[in-house]
Amino acid sequence: MSAVSVPPPKRLQKPLVVPHRHMFGPGPSNVPPRILEAGANPVIGHMHPEIFEIMNDIKSGIQYLFQTQNNMTLAVSGTGHTAMECAIFNTVEPGDSVLTAVNGIWGERAAEMAERIGGSWRLSDHCLILSQALLKYRPALFFLAHGESSTGVLHPLDGIGQLCHKYNCLFLVDSVASLGGAPLYMDKQGIDILYTGSQKVLNAPPGTAPISFSERACQKIFNRKSKPVSFFLDLSWLANYWGCDGKASRTYHHTGPVTAFYSLRESLAVLVEEGLENSWDRHQKVAEYFHRGLESMGLKLFVKDIKARLPTVTTIVAPRGYNWKDITSYIMKTHNLEISGGLGPSVGLVLRVGLMGRNSSKHSADMVLAALKDALQHCHKSKV
Ligand code: PMP
């Protein structure tokens with residue numbers, strides 16, 4: 001008689017099957033073979049000297065991508081949410097307040113994280129203007145999503161950092177959906193904490209999140225009265241693991257995801273080869289081409305102001321008379337292509353298409369346009 005009461009599952013005795021799919025939703029994007037192959041390298045120790053070299057390469061790549069000289073630049077082990085929590089949990093102490101700009105789901109999420117530690121205030125379009133809110137609430141941190149992937153809005157950044165600093169407030173920017181696809185200059189724009197994700201414009205698998213902290217942010221973080229609520233995301237530990245604290249030796253904190261580091265390094269190398277400005281330019285041109293194609297099919301863009309359209313993730317007004325789920329399912333089934341519906345406040349209102357990194361090409365845009373045209377002809381349309 002067997003000693004184990006739970007038998008080996010039959011499902012794991014079948015081979016792994018993963019379909020090839022066109023990943024044109026708001027992320028993850030397709031991972032090009034070069035980046036996938038980098039991830040297939042042998043696993044070595046997370047404290048081996050070769051890994052530290054790879055981590056140093058990643059750090060330089062992030063400094064270039066973010067346009068920053070910040071020494072406190074690294075990649076957290078986890079997705080965009082991990083970087084969000086890393087930024088907020090390290091900066092905010094009990095008693096501090098946080099102001100978040102809410103122009104979609106990400107401001108809401110940041111506010112919800114901040115509420116777990118300190119006071120949180122939301123700045124929506126109908127609320128006070130930023131300078132009044134900074135004066136009224138005296139926040140320690142102001143959060144803004146540069147690219148709101150739920151609504152497809154690109155928020156301008158110029159002047160905000162300087163305004164925050166006037167009120168002794170740190171400026172935190174989420175660029176998960178925009179970085180590499182739209183111009184951003186961390187140092188010049190006075191951004192104190194900036195993070196992104198690996199799975200969008202960078203075209204790496206999800207699971208690592210580049211982040212950087214200004215000198216001003218470090219001053220606040222390393223002079224806290226209490227320890228951050230998260231041990232895993234405590235910047236003093238992460239700074240040591242990433243060789244950012246000036247100490248001669250590194251101490252074990254967690255087992256860094258070495259395979260994910262290889263992929264991230266390769267994705268940064270691809271971006272370095274193309275050049276940041278060329279990447280911004282390509283995303284902008286492809287987005288404009290795609291938007292013209294949508295409009296010529298009679299579809300409407302959700303973001304009316306052309307300058308406020310995110311070049312990476314496009315929101316299309318859900319076509320009248322259709323159930324948006326019928327459209328996304330039809331396109332997945334018939335074209336093997338992912339586009340998605342809305343998220344948070346945009347659920348039911350929009351379809352979302354992401355053309356990011358290598359997927360930002362006229363060829364991919366044409367594929368989505370053809371798939372949408374086909375779906376509108378074949379999906380059920382109500383008469384009313
Ligand atoms: N911020 C923005 C703007 C995003 O688009 C996303 C992912 N959709 C996130 C944060 C969270 O990233 P993740 O899903 O990798 O945790």
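When a ligand or atom number is given, it counts from 1 through the structure's own listing order.
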Compute the shortest N/O to N/O distance between His81 and ligand 1 and return yes if it is under 3.5 Å, no if not. yes
Begin with the C-alpha distance, continue with both residues' side-chain angles, and end with the deciding distance and a verdict on side-chain contact (heavy atoms from CB on, under 4.5 Å) for Asp234 and Leu238. CA-CA 6 Å; Asp234 186 330; Leu238 296 177; over 6 Å; no
For atom 9 (C) of ligand 1, what's the nearest protein heavy-atom neighbour? Residue, atom name and distance, please. Trp106 CH2, 3.4 Å
among protein heavy atoms, the one nearest atom 12 (O) of ligand 1 is Gly80 CA, 3.5 Å
Answer whether the closest heavy-atom distance between the side chains of Leu202 and Leu65 falls below 4.5 Å. yes
Which of the numbered atoms in ligand 1 are under 4.0 angstrom from any heavy atom belonging to Lys200? 4 (C), 5 (O), 6 (C), 7 (C), 8 (N)
Under a heavy-atom criterion of less than 4.0 Å, does Arg109 contact ligand 1? no
Could you check Trp242 against Phe261 for ring pair (Phe, Tyr, Trp, His ring centres under 6.0 Å), going step by step and ending with a plain yes or no? CA-CA 12 Å; Trp242 280 84; Phe261 290 166; 5.3 Å; yes
Numbering the atoms of ligand 1 from 1, which are under 4.0 Å from a heavy atom of Gly147? 3 (C)
With heavy-atom distances below 4.0 Å as the criterion, list the atoms of ligand 1 near Asp174. 1 (N), 2 (C), 3 (C), 10 (C)
Using side-chain heavy atoms (C-beta onward) and a distance below 4.5 Å, is Phe24 in contact with Ser364? yes
In terms of residue, atom name and distance, what is the protein heavy atom nearest to atom 5 (O) of ligand 1? Ser149 OG, 2.5 Å
Sub-4.0 Å atoms of ligand 1 with respect to non-hydrogen atoms of Thr79: 13 (P), 15 (O), 16 (O)
Donor on one side chain, acceptor on other, His291 and Thr314, under 3.5 Å: yes
Quick check: are there more than 12 heavy atoms from other residues, nucleotides or ligands sitting under 6.0 Å from CZ of Arg116? no
Glu148, portion touching ligand 1 at heavy-atom distance under 4.0 Å: neither
Applying the ring-ring contact (aromatic ring centres under 6.0 Å, His included) criterion to Trp106, which one of His81, His155, His146 satisfies it? His81
